[in-house]
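The block underneath contains the structure these notes are about, expressed in structure tokens.
For this chain, numbers begin at 1 and follow the sequence in order.
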Amino acid sequence: MNILKLLDKLSHDKFFTTEASRLETITNMSAFGKKAAVVAVPLGLGSLMSTPAKAETTKNEFTAGTLKSTLTDALQLALVLEYLENEYYSIGLSTAGLIPNADRAVFMQISKHESAHVSFLKSTLTSLGTTPGNKPTFDFTANGNFSPFTDYNQFMVLAQAFEDTGVRAYKGQAGNVMSNKVVLQAALQIHSVEARHASQVRRMRANKGWIELANGGNMPSATNPVYAGEENTNQAGYNTASLFGAEAGSAAYDEILSGSDAQAIASLFIV
């Protein structure tokens, strides 16, 4: 069934939990020549971003208004990430001579997906009675640290970083959208597509399709925050490295990104 049609059946009958993250605060943002403090993002991310990273909250502690804010804040964050990816690929595809002909079909398809995700998230927020956030002004050089539209290798590096960020960020917001089953289903559908994007781009860069430890795979140190926490081998008290070693144990389970960590990464590319 078309996801947009499913939105007519939106309901708010259940609530699970606010965001929970096992990741520590980003400490190496200085690699970009910026402070670790998050710059302002044109969102209304109040309750989501002010929630402690490891807080867990039960249903009866929330009013209906707070529940809605938690849901829509998660969608607004997703929208910023989709805006970023959508504009990035649009500029890349319109830059003459940047993307080799052999790779254009892949990025054209990914671009179409990102555009569809933007449209869906905006429609969903509107259906929930919330005005979608405006598209930020992006600086894909990260204050002069990258040249993705003159160097195809750097274009690919940032494409991988953005896709890997998106995959982890969608997982990190799962608890915040569980109050609405239709939105949750759609978010999971987008998440799996973002994971396919990430795997494809990683393969195009001669990397493995999955992440081992906190190693992004032939990536500059400036992208380390994207992979922070991926070295975890403890899942619900089980040591996943006990049978197959740390690399396979960590790769068997992707880690989440908290909302604040995802926002911090995206903010590096927002003017």
Which residues share a side chain to side chain donor-acceptor pair (under 3.5 Å) with [X], sequence neighbours left out:
X    : result
T141 : D139
N86  : none
R196 : none

[atom2] on [Y] to [atom1] on [X], rounded to 0.5 Å:
X    : Y    : atom1 : atom2 : value
N224 : N215 : CG    : CG    : 9.0 Å
D151 : M156 : CG    : CE    : 11.5 Å
T165 : E163 : OG1   : CD    : 9.0 Å
Y170 : L77  : OH    : CG    : 9.0 Å
E114 : S90  : CD    : OG    : 11.5 Å

inquiry  = Applying salt bridge (charged side-chain N to carboxylate O under 4.0 Å, His left out), can you list everything that pairs with K208, at least two apart in sequence or on another chain?
reply    = E212
Check side-chain contact (heavy atoms from CB on, under 4.5 Å) between [X] and all other residues, then give those that pass, not counting sequence neighbours.
X    : value
S147 : T150, Q154
S94  : none
L184 : V177, M178, L188

Please name the pair of heavy atoms, one in [X] and one in [Y], separated by the smallest distance, quoted to 0.1 Å.
X    : Y    : answer
S250 : T240 : N-OG1, 4.1 Å
N180 : V182 : OD1-N, 3.0 Å
A169 : L81  : CB-CD1, 3.5 Å
P136 : I270 : CB-CG2, 3.8 Å
V167 : A198 : CG2-CB, 4.1 Å

query = Transitive ILVMFWY cluster of Y253 at side-chain heavy atoms under 4.5 Å: who else is in it?
reply = none
Within the distance-only criterion (no hydrogens, no angle test), does the side chain of [X] pair as donor or acceptor with the backbone N or O of [Y] below 3.5 angstrom?
X    : Y    : value
T95  : I91  : yes
Q160 : L158 : no
S127 : S123 : yes
T72  : T130 : no

note = Residues pairing under ring pair (Phe, Tyr, Trp, His ring centres under 6.0 Å) where one sits in residues 184-231, two or more places apart or in two chains, turn out to be H113-H197
ask   = Among pairs that include at least one residue of residues 78-101, which meet ring pair (Phe, Tyr, Trp, His ring centres under 6.0 Å), considering only residues two or more places apart or in two chains?
value = Y88-F140, Y88-F149, Y88-F155, Y88-F162, Y89-F107
message = For L75 and N176: C-alpha separation, side-chain torsions, deciding distance, then whether side chain to side chain contact (heavy atoms under 4.5 Å, CB included) applies.
response = CA-CA 9 Å; L75 294 174; N176 289 323; over 6 Å; no
Same apolar cluster: [X] and [Y], side chain cutoff 4.5 Å:
X    : Y    : result
L84  : M108 : yes
L71  : L121 : yes
V226 : L257 : yes
L93  : F146 : yes

message = Show me the pairs that pass salt bridge (Lys or Arg N to Asp or Glu O under 4.0 Å) and involve residues 77-100, at least two apart or across chains.
response = E87-K135
Ion pair R202/D164, N-O distance below 4.0 Å = yes
Taking side chain as C-beta onward, heavy atoms only, is [X] less than 4.5 Å from [Y]?
X    : Y    : value
T126 : P132 : yes
L213 : E230 : no
V201 : I110 : yes
T70  : S179 : no
H117 : V193 : yes

request  = Could you check D254 against R168 for side chain to side chain contact (heavy atoms under 4.5 Å, CB included), going step by step and ending with a plain yes or no?
outcome  = CA-CA 7 Å; D254 272 346; R168 297 185 67 188; 5.8 Å; no
ask   = For atom NZ of K171, is the number of surrounding heavy atoms from other residues, nucleotides or ligands below 6.0 Å larger than 12?
value = yes
query = Tell me the side chain to side chain donor-acceptor pair (under 3.5 Å) pairs involving residues 97-106, sequence neighbours left out?
reply = D103-Y152
message = Assess, by modelled atom type and distance only, whether the side chains of E255 and Q235 contain a donor and an acceptor separated by less than 3.5 Å.
response = yes
request  = Please test T131 against L125 for side chain to side chain contact (heavy atoms under 4.5 Å, CB included), starting from the C-alpha separation and ending with a verdict.
outcome  = CA-CA 6 Å; T131 301; L125 283 161; over 6 Å; no
message = Assess the residue pair F138 and V271 against the criterion (side chain to side chain contact (heavy atoms under 4.5 Å, CB included)); give the C-alpha distance rounded to whole Å, side-chain angles, the decisive distance to 0.1 Å, and a yes or no.
response = CA-CA 6 Å; F138 294 108; V271 176; over 6 Å; no
